[in-house]
Amino acid sequence: MRPRIQAWCAAGMMAVAVSAGYARGAEALLPAETFAALRENGELHQETLAFSLCPDTPLAAAAVAAWEYHDAPTYSAESLYYLPKAELTGGKNPAEDVSLARAAQVVRMISTMQGIQYYSNGDKKWETLYTRAYMIENSRSKRAIPDQTDGDADGKTFFCLLDDHSFGQNVYQLDYRQSADEVSVRFTNVDAVKVAMITGVKPRRMNINLVVTDCGDSFLVYMVVQATHPKVSFLEKRLRRSLAARVDAIYGWFKSQF
């Protein structure tokens, strides 16, 4: 059985990442059986509190430890994707276009999320996930600002507005981390998330974590979603379907920006 991943303090994780680096192949970051299944399927998903798909890296460990409350979330899921760089370049793009530096820019290109598609399991058709998406000045102002993609992403916090097909218009806090071989972003809802005019998730009770690890010839893309919602049948079903669909849509968005 894989040992439980311990939560490291932020300073400790960054010190180890910078001093030692994590330039390891994907197979070195996962149990053998997990890596074999990932290579075969390209992606793995599960609803869980155990996070057995978590790569053995500091920022992935930070993502699974991101829940800040004593009570466990009512929804908790993880997804892991294997993304060979050759799939992104097609032999055409220069190497720097698939570097970690480029990935760190992509996860800050919030405006490019506007118009991305997701498959609605409820309606059985493709829908536009975000009709509007852009960074804003702060959590109170909805004034749009340009994507903040310059320099290293580590330690930076921004805010964005996402006008969601199912959840409506919401403000999210974006917390970024970056090391020599990883970059991550955590989306935390500043506003209440509503479903059919009913509050499904209270402010700051949902986070979506995206972690990208550079493994040389590939990226590992790891996502963790946690949320607390009322235990009401129709709300629970809609939120779970919607959150699962958003994970795939966000991964598709990341992949499409190369």
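Positions are given from 1, in the same order as the sequence printed here.
Within the model, atoms OG1 of Thr131 and CD1 of Ile116 stand 11.5 Å from one another, a figure rounded to the nearest 0.5 Å. Note that the CZ atom of Phe158 and the CD atom of Gln173 stand 11.5 Å from one another [nearest 0.5 Å]. Rounding to the nearest 0.5 Å gives a distance of 12.5 Å between CD of Glu87 and CG of Asp217. Atom CD of residue Gln178 and atom CG of residue Leu100 lie 5.5 Å apart, to the nearest 0.5 angstrom. Put simply, NZ on Lys142 and SG on Cys160 are 12.0 Å apart, with the number rounded to the nearest 0.5 Å. From Gln114, atom CD reaches atom CG of Leu129 across 11.5 Å, with rounding to the nearest 0.5 Å.
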Using side chain to side chain contact (heavy atoms under 4.5 Å, CB included), reason through Leu220 and Val212 one step at a time and then give a plain yes or no. CA-CA 6 Å; Leu220 282 180; Val212 181; over 6 Å; no
Evaluate side-chain hydrogen bond (donor to acceptor under 3.5 Å, both in side chains) for Tyr81 paired with Asn41, printing each intermediate quantity in order. CA-CA 9 Å; Tyr81 302 85; Asn41 298 292; over 6 Å; no
Show your working on side chain to side chain contact (heavy atoms under 4.5 Å, CB included) between Tyr119 and Lys124 and close with a plain yes or no. CA-CA 7 Å; Tyr119 186 75; Lys124 305 299 180 185; 3.6 Å; yes
Apply side chain to side chain contact (heavy atoms under 4.5 Å, CB included) to the pair Gln46 and Leu53, showing each step before the final yes or no. CA-CA 9 Å; Gln46 62 178 359; Leu53 301 179; 3.8 Å; yes
Show the numbers, then the answer: is there a side-chain hydrogen bond (donor to acceptor under 3.5 Å, both in side chains) between Gln169 and Arg132? CA-CA 9 Å; Gln169 179 178 290; Arg132 290 187 297 162; 2.3 Å; yes
If you apply the rule salt bridge (Lys or Arg N to Asp or Glu O under 4.0 Å), what do you find for Asp150 with Lys156, and how did you get there? CA-CA 11 Å; Asp150 292 338; Lys156 293 183 177 178; over 6 Å; no
Would His45 and Tyr251 satisfy ring-ring contact (aromatic ring centres under 6.0 Å, His included), going step by step from the backbone distance to the final call? CA-CA 13 Å; His45 309 269; Tyr251 170 72; 8.8 Å; no
Before giving the answer on side chain to side chain contact (heavy atoms under 4.5 Å, CB included), spell out for Asn170 and Val190 the whole-Å C-alpha distance, their side-chain angles and the decisive distance to 0.1 Å. CA-CA 7 Å; Asn170 290 282; Val190 174; over 6 Å; no
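Of the possible donor and acceptor atoms, none in the side chain of Glu33 sits under 3.5 Å from a partner among the backbone N and O of Pro31. Using a distance-only test at 3.5 Å, with no hydrogens or angles considered, no donor-acceptor pair links the side chain of Thr128 to the main chain of Tyr130. A distance-only check finds a donor-acceptor pair linking the side chain of Asn189 to the backbone of Met206 [under 3.5 Å]. Between the side chain of Ser256 and the main chain of Trp253, a donor-acceptor pair closer than 3.5 Å is present. The backbone N or O of Leu59 sits nowhere less than 3.5 Å from a side-chain atom of Ser184 that would complete a donor-acceptor pair.
With sequence neighbours excluded, the residues forming a side chain to side chain contact (heavy atoms under 4.5 Å, CB included) with Arg143 are Glu137, Ser141, Ile145, listed by chain and number. Considering only residues two or more places apart in sequence or on other chains, Asp147 meets the side chain to side chain contact (heavy atoms under 4.5 Å, CB included) condition with Met109, Ile110, Ser111, Met135, Thr149.
Side-chain polar atoms of Tyr222 and Glu78 form a donor-acceptor pair below 3.5 angstrom. Using modelled atom types and a 3.5 Å distance limit, the side chains of Thr188 and Asn207 yield no donor-acceptor pair. Inspection of the Trp126 and Ser120 side chains reveals no N or O donor paired with an N or O acceptor under 3.5 Å. Judged purely by distance below 3.5 Å, without hydrogens or angles, the side chains of Glu127 and Gln117 never pair a donor atom with an acceptor atom. Side-chain N/O atoms of Tyr118 and His165 include a donor and acceptor closer than 3.5 Å.
When side chains are defined from C-beta on, Phe254 counts as touching Val221, because their heavy atoms get closer than 4.5 Å. Taking 4.5 Å as the limit, some side-chain heavy atom of Tyr69 sits within range of a side-chain heavy atom of Arg204. Side chains of Leu239 and Tyr75 form no contact here, defined as non-hydrogen atoms less than 4.5 Å apart. Residues Trp67 and Leu49 have side chains not in contact (no heavy-atom distance under 4.5 Å, counting atoms from C-beta outward). Residues Leu174 and Thr157 fail the side-chain proximity criterion, which asks for heavy atoms closer than 4.5 Å. No side-chain heavy atom of Met223 sits under 4.5 Å from any side-chain heavy atom of Asn209. Side-chain contact between Ser242 and Val195 is absent, with no heavy-atom pair separated by less than 4.5 Å. Side-chain contact between Gln226 and Val64 is absent, with no heavy-atom pair separated by less than 4.5 Å.
Taking both residues in full, the closest heavy atoms of Phe219 and Ser99 are given as CZ-O, 3.8 Å, listed atom of the first, atom of the second, then distance. Shown here for Leu30 and Pro55, the closest heavy-atom pair between the two residues is CD2-CA, 3.8 Å. Residues Pro230 and Leu235 share a closest heavy-atom pair of CG-CD1, 4.1 Å. Heavy atoms only, all atoms of each residue included: Ala227 and Leu243 are closest at CB-CD1, 4.3 Å. The minimum heavy-atom distance linking Val211 with Ala60 is given by the pair CG1-N, 4.0 Å. The two residues Ser139 and Phe159 come nearest to each other via the heavy atoms CB-CE2, 3.6 Å.
Linking ILVMFWY side-chain heavy atoms closer than 4.5 Å, directly or via other members, places Leu161 and Phe167 in two distinct hydrophobic clusters. No single ILVMFWY cluster, assembled from side-chain heavy atoms under 4.5 Å apart, contains both Val171 and Phe187. No chain of hydrophobic side-chain contacts below 4.5 Å, direct or via other Ile, Leu, Val, Met, Phe, Trp or Tyr residues, connects Ile250 to Tyr134. Taking hydrophobic clusters as Ile, Leu, Val, Met, Phe, Trp and Tyr residues chained together by side-chain heavy-atom distances below 4.5 Å, Val201 shares a cluster with Val232. Put simply, Ile136 and Val107 are part of two different groups of oily side chains (I, L, V, M, F, W, Y) that touch within less than 4.5 Å, one to the next.
Salt-bridge annotation for Arg24 and Glu182: absent, with no side-chain N of the basic residue lying under 4.0 Å from a carboxylate O of the acidic one. In summary, Arg246 and Asp164 engage in a salt bridge, as defined by a charged side-chain N under 4.0 Å from a carboxylate O. Glu27 and Arg39 are not joined by a salt bridge, as no carboxylate oxygen comes within less than 4.0 angstrom of a charged side-chain nitrogen. With respect to the salt-bridge test (charged N to carboxylate O, under 4.0 angstrom), the residues Arg238 and Glu236 do not qualify. Using a 4.0 Å cut-off between charged nitrogen and carboxylate oxygen, Arg102 and Asp97 do not count as a salt-bridge pair.
Note: Phe35 and Tyr82 have perpendicular aromatic rings, judged against thresholds of 30 and 60 degrees for the angle between ring planes.
The local environment of NZ in Lys194 is sparse, with at most 12 non-hydrogen atoms from other residues, nucleotides or ligands closer than 6.0 Å.
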